[in-house]
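Report on the structure given below.
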Amino acid sequence: MDLSSLDPGVGTLPPRARFSSSLGEQSLNGTWRFRLSARLADAPAGIEAEGYDDADWGTIPVPSSWPMHGHGAPAYTNVQYPFPVDPPYVPDENPIGDHRLVFDAEAFLLDGAVLRFDGIDNTADVWLNGELLGSTRGSRLVSEFDVSRLLRATGNVLVVRVAQWSASSYLEDQDMWWLPGIFRDVTLLAKPQGAINDLFVHADYADGSGTLSIDVDSASPATISIPELGVETAPGSSVEIPEVVGWTAEEPKLYRATVRTELETVELAIGFRTVSVVDSTLLINGRPILFKGVNRHEHHPDLGRVVPREVVESELRLMKQHNINAIRTSHYPPHPVLLELADELGFYVIDECDLETHGFGMNKWRRNPVADPAWRPALVERMIKTVQRDKNHPSIVIWSLGNECGTGDNLAAMADAARAIDGSRLIHYEGDWDSSYVDLYSRMYASVDEVKAIGEKTEEQTKDPTVDAHRRSLPFIQCEYIHAMGNGPGGMTEYQELFERYPRLAGGFVWEWLEHGIRQHTDDGVEYYGYGGDFGETVHDGNFVIDGLVSADREPRPGLVDLKKVYEPVGIGIGTDWKTITIANKYAFSDLDHLRLDWAVEDAEGRYAAGVLPAIEVAAADQVTAVLPDEIAAARRDGAVLTVVARLAKDTDWAGEGHEVAWGQAGAVTMISEPIDGTAPVLTQDRTLSVGPARFDATTGRLIALDDVAIDGPRLTLWRSPTDNDNGMDHRVKRRDSSGWTGQRLDKVVGRLVGLTEVDDDHGHGLQVTTRYAAPSYDRHVDVTITWRSDGSRVAAAVRLEPSGDWKQSWARIGLDFVLDGAADRVSWAGHGPGQKYPDTGQAARLGYFESSVTDLQVPYVRPQENGARWAERLTLSGSGRGITIGGDGFAFTARPWSTPALDAAEHTPDLQPDGSTYLTIDHRQHGIGTASCGPGVLPAYHLDPTQLTEADLNFELTFS
Ligand code: IPT
């Protein structure tokens with residue numbers, strides 16, 4: 001094997017479109033013989049010989065990533081190459097996977113056939129019946145070989161030697177597991193003399209009509225027909241079709257076409273669609289659109305890079321159900337199934353070339369392949385392969401040259417090569433901010449302020465001033481933004497508001513759709529997801545591979561649920577008097593006929609009025625205010641919430657009738673509660689003090705019981721177990737949160753009782769407890785004074801904070817910790833729910849009355865961290881005995897069966913075990929979440945800055961009953 005060769009592939013056929021022909025194909029997927037060697041020098045010789053005896057080899061499924069089948073191990077790095085950067089050479093320690101298959105060929109293949117590999121990671125030499133066919137390059141790119149001469153009816157011997165590392169590994173430094181193998185399908189395609197070699201559909205749309213021409217590369221004459229449009233035509237001729245329905249992600253209309261020769265019929269699905277840019281606005285079919293996108297990698301928790309079709313189908317439905325309309329195939333062309341489904345279900349796709357050289361950045365970009373002419377043919381060929389395979393998909397609106405390669409002329413050459421084949425789509429590359437050879441200004445993780453400036457066209461000049469005017473004429477996208485790692489992402493709404501406000505901004509793609517967890521089991525069989533470092537890697541990037549909106553099993557994380565709300569295609573605003581409703585139709589093409597508007601009113605007792613609104617006509621990109629039926633305002637009362645939900649009026653391909661698309665609310669859960677007078681005296685007994693049902697330890701001033709519920713607290717807490725976003729880009733140094741909380745020892749704050757006095761004033765009797773909280777080694781402190789009063793049954797705690805000293809940066813929270821003796825299992829609350837909510841997340845949390853088990857409040861983040869806070873005005877926590885109810889003027893709470901230090905120490909989900917107590921934290925204030933695990937941190941509006949605290953921040957009251 002020539003592993004250091006820069007050749008773009010040897011012996012392979014010219015790239016062409018993928019289509020299926022009536023001539024037939026035979027899948028060679030299945031069980032193959034397999035043998036792994038640690039290095040090329042150790043690999044057996046002569047395996048290509050037909051008579052080679054592979055009886056002592058094992059077997060492996062094809063397609064597969066071999067480390068997922070007990071051979072070697074997965075390894076994760078993000079930017080850094082796991083081997084020395086010494087291009088084009090790779091280490092001698094280079095796992096070699098030898099694959100052999102003996103097969104009979106179907107008769108229809110014997111007049112001529114092509115052998116197609118859809119993906120081999122990283123490179124392979126291929127032999128058929130003892131002869132070398134050639135060598136593949138480009139893991140996520142197609143390699144086809146002509147096998148017409150060699151294929152026979154029976155006993156064919158196909159031998160594929162795969163090397164994990166080769167020169168092309170330098171081009172495939174994407175942020176994902178290194179997973180070698182024949183991980184996509186292997187197929188034989190019948191291709192006799194005269195068969196269609198290639199097809200190129202050009203189907204444009206303008207103002208209701210279409211223009212169609214189809215190039216057919218075939219030696220036999222062909223006819224084209226589209227029965228639904230009454231079109232019969234010949235290859236290469238352009239047909240004007242006066243009336244067509246355009247293809248859009250909202251209404252993905254496909255026309256079935258056939259291309260027929262005397263030999264074969266090819267079926268095509270055609271979408272009429274035009275991409276254009278006018279005045280730096282991106283248009284599809286003449287209208288401005290917004291990408292509500294995600295970056296999608298291919299990963300499966302058990303199979304690695306092999307993703308079964310049904311999984312892809314269900315995940316795309318899940319995207320549609322969450323108002324996502326666009327996919328960037330980060331960072332390589334996807335399995336072809338994805339594009340078929342994107343055409344059918346309706347997604348705008350950025351199809352990205354299989355290219356990333358990010359790790360050269362750690363070496364100041366020295367010898368970067370994109371800037372080295374020696375690599376140009378290999379890079380240009382990658383782009384050509386990408387465009388050629390996928391050019392007939394209407395869903396693809398943008399070609400991307402690759403990801404994170406720095407800058408270099410080879411990228412411009414790739415752009416030229418793509419344009420030469422297909423001038424109908426836009427060209428994207430983010431890494432060169434001057435944007436001189438691309439059609440979009442694209443950035444990743446740009447801040448809200450910067451995106452605003454770009455929207456207003458007041459951004460800084462390009463580095464090369466001669467290309468500034470060009471960049472200013474381009475639409476803008478964030479090809480990656482809001483990093484969905486762990487708890488978060490915070491601050492999505494602010495970006496969306498900008499995208500909706502400025503025509504130049506065409507939206508963005510969340511990083512990323514999917515966590516790349518690998519399913520593992522503890523010795524007792526408990527399942528969890530593994531991440532970088534769990535597989536013996538010496539160089540790795542920890543849990544940075546766990547940064548998705550869904551788990552590796554496609555279970556939605558809270559971030560996805562929030563994103564659905566942020567991406568709503570319909571805005572619903574209700575007048576505070578419940579008499580009017582404003583509906584904003586944010587679709588670019590659709591009216592709202594496919595939706596119905598359900599309304600319902602609920603209070604603490606449950607739902608008591610509901611109905612369906614009369615249809616409100618709102619054209620695409622328009623807004624209408626309508627009068628609500630009188631019965632709705634008539635149903636208004638204290639503590640009641642009106643919710644209007646836009647639901648699918650009938651079944652679609654991606655969700656059933658009744659599926660919720662968007663919602664809006666009015667009303668409040670505010671409970672009118674009588675003020676508590678301190679009528680109950682403070683009583684002393686042994687070493688305890690009582691105020692009504694509350695009992696306190698007379699030496700510490702801490703609450704020890706509320707009626708018969710044993711409780712310990714409150715203790716001031718300014719800290720939370722750092723989230724991935726709190727940890728920032730320094731995710732590898734796990735305990736060093738970038739907010740500086742751990743450095744300030746907020747996790748180690750201790751309290752000292754400084755005063756315990758009885759008060760008797762205008763508000764009656766009370767017990768006043770002052771505790772000074774401070775961190776070891778520092779003299780800054782916070783005095784917390786709590787005045788407890790009771791009317792005999794209820795208890796009020798008036799809390800006052802007095803910080804002093806040089807508090808720095810931010811606090812995670814102003815919270816009170818309580819430990820309840822025994823496991824509480826039920827929680828009910830009035831406030832926002834059902835999901836979690838932090839100051840800059842929880843867009844999906846709606847007002848209402850909710851119930852949950854304590855277990856279900858927890859979000860099982862793959863690396864455990866702060867999670868699960870709900871916002872409430874009233875909370876009841878109950879276990880086997882009587883529960884406690886806490887009320888207040890809006891607070892956040894978490895309730896957990898483990899302590900915050902235990903949560904923080906856990907590396908994986910099974911490390912968290914209930915310890916028999918219930919840990920309750922009530923937060924008066926919280927610091928936001930942000931998205932600093934990659935990108936901007938918490939926006940200023942969501943900072944909890946101890947130097948800027950107001951009276952309202954420092955004083956609050958809770959009631960206990
Ligand atoms: C950016 C990469 O493009 C993406 O592949 C992923 O690694 C993401 O970061 C983080 O998860 S690059 C980053 C240095 C901005």
Side-chain angles (χ1 to χ4, degrees), residues 75-82 139-140 171-179 293-299 305 327-334 350-365 368 370 398 400-407 411 428-433 440 442-447 450-451 477-489 495 508-517 531-532 539-550 552 557 559 723-725 727-732 738 861-863 930-937:
Y76 168 59
T77 59
N78 171 14
V79 174
Q80 50 188 340
Y81 289 101
S139 298
R140 269 72 51 178
L171 307 181
E172 297 176 10
D173 188 29
Q174 292 94 341
D175 176 9
M176 59 190 187
W177 296 100
W178 297 96
L179 284 173
V294 291
N295 281 275
R296 178 183 177 274
H297 262 290
E298 296 187 334
H299 175 78
R305 204 97 70 218
I327 300 169
R328 173 179 179 227
T329 70
S330 53
H331 302 301
Y332 39 79
I350 299 184
D351 192 359
E352 190 149 86
C353 185
D354 189 0
L355 179 64
E356 174 158 344
T357 66
H358 210 165
F360 283 85
M362 285 174 66
N363 300 284
K364 301 212 161 64
W365 297 107
N368 184 5
V370 302
I398 295 170
S400 174
L401 308 178
N403 183 59
E404 291 283 11
C405 296
T407 58
L411 291 159
H428 167 269
Y429 175 65
E430 187 274 346
D432 188 344
W433 294 359
L440 292 159
S442 172
R443 292 283 302 282
M444 44 174 81
Y445 311 105
S447 68
E450 198 181 357
V451 171
I477 63 167
Q478 288 245 67
C479 69
E480 294 177 22
Y481 78 129
I482 50 179
H483 196 247
M485 184 177 182
N487 188 343
Y495 283 112
F509 296 77
V510 173
W511 187 269
E512 70 177 301
W513 169 245
L514 177 70
E515 297 176 354
H516 308 208
Y531 49 79
V539 172
H540 67 83
D541 287 301
N543 69 320
F544 208 56
V545 77
I546 309 291
D547 53 359
L549 294 167
V550 297
R557 299 290 185 202
T723 64
D724 292 318
N725 286 311
N727 281 337
M729 281 294 263
D730 245 342
H731 55 94
R732 275 156 287 181
S738 61
Y861 287 116
V862 169
R863 186 189 69 77
T931 175
S933 54
C934 184

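Small disclaimer: the values here were computed from a predicted structure and weren't measured. Worth knowing before you read on, the calculation uses all heavy atoms, side chains too, and leaves out hydrogens, waters and symmetry mates. When a ligand or atom number is given, it counts from 1 through the structure's own listing order.
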Taking Asn487 for the side chain and Asp724 for the main chain, is one N or O donor matched with an acceptor at less than 3.5 Å?
-> no
Residue portion contacting ligand 1 (non-hydrogen atoms closer than 4.0 Å) for Met485 | neither
Considering only the protein, which heavy-atom contact is closest to atom 2 (C) of ligand 1, and what is its distance?
-> Glu480 OE1, 3.3 Å
Roughly how far, to the nearest 0.5 Å, is OH of Tyr481 from OH of Tyr445?
-> 11.5 Å
Region of Asn78 that comes within reach of ligand 1 [heavy atoms, distance under 4.0 Å] = side chain
Glu298 and Arg140 ion-paired at < 4.0 Å | no
Taking the six-membered ring for Trp, are His516 and His299 parallel (under 30°), tilted (30 to 60°) or perpendicular (over 60°)?
-> parallel
Quick one: look up the protein heavy atom nearest atom 7 (O) of ligand 1 and list residue, atom name and how far away it is.
-> Asp175 OD2, 2.5 Å
Sequence neighbours excluded, the answer for ring-ring contact (aromatic ring centres under 6.0 Å, His included) partners of Phe360 is Tyr81, Tyr170
Taking only non-hydrogen atoms of Asn403 and a 4.0 Å limit, the atoms of ligand 1 in range are 2 (C), 3 (O), 5 (O)
His358 N/O under 3.5 Å from ligand 1 N/O | no
Among non-hydrogen protein atoms, atom 12 (S) of ligand 1 lies closest to Glu404 OE2, 3.0 Å
In ligand 1, the atoms that come under 4.0 Å of a heavy atom of Met444 are 1 (C), 3 (O), 12 (S), 15 (C)
Sorted by chain and residue number, the ring-ring contact (aromatic ring centres under 6.0 Å, His included) partners of Trp178 (sequence neighbours excluded) come out as Trp165
Taking non-hydrogen atoms only, is Glu512 closer than 4.0 angstrom to ligand 1 via side chain, backbone, both or neither?
-> neither
Would you kindly say whether Gln80 and Asp173 are connected by a side-chain donor-acceptor distance under 3.5 Å?
-> no
Among protein heavy atoms, which lies nearest atom 10 (C) of ligand 1, and at what distance?
-> His483 NE2, 3.3 Å
Of all the atoms in ligand 1, which lie at a distance below 4.0 Å from a heavy atom belonging to Asp547?
-> 11 (O)
Which residue supplies the protein heavy atom nearest to atom 8 (C) of ligand 1, what is that atom called, and how far is it?
-> Tyr445 OH, 3.4 Å
If we number the atoms of ligand 1 from 1 as shown, the ones under 4.0 Å from a heavy atom of Phe544 are 10 (C), 11 (O)
Please name the pair of heavy atoms, one in Thr357 and one in Trp365, separated by the smallest distance, quoted to 0.1 Å.
-> O-CZ3, 3.5 Å
Among all protein non-hydrogen atoms, which one is nearest to atom 5 (O) of ligand 1, and what is the separation to 0.1 Å?
-> His331 NE2, 2.7 Å
Does a side-chain N-to-carboxylate-O contact under 4.0 Å join Arg328 and Glu352?
-> yes
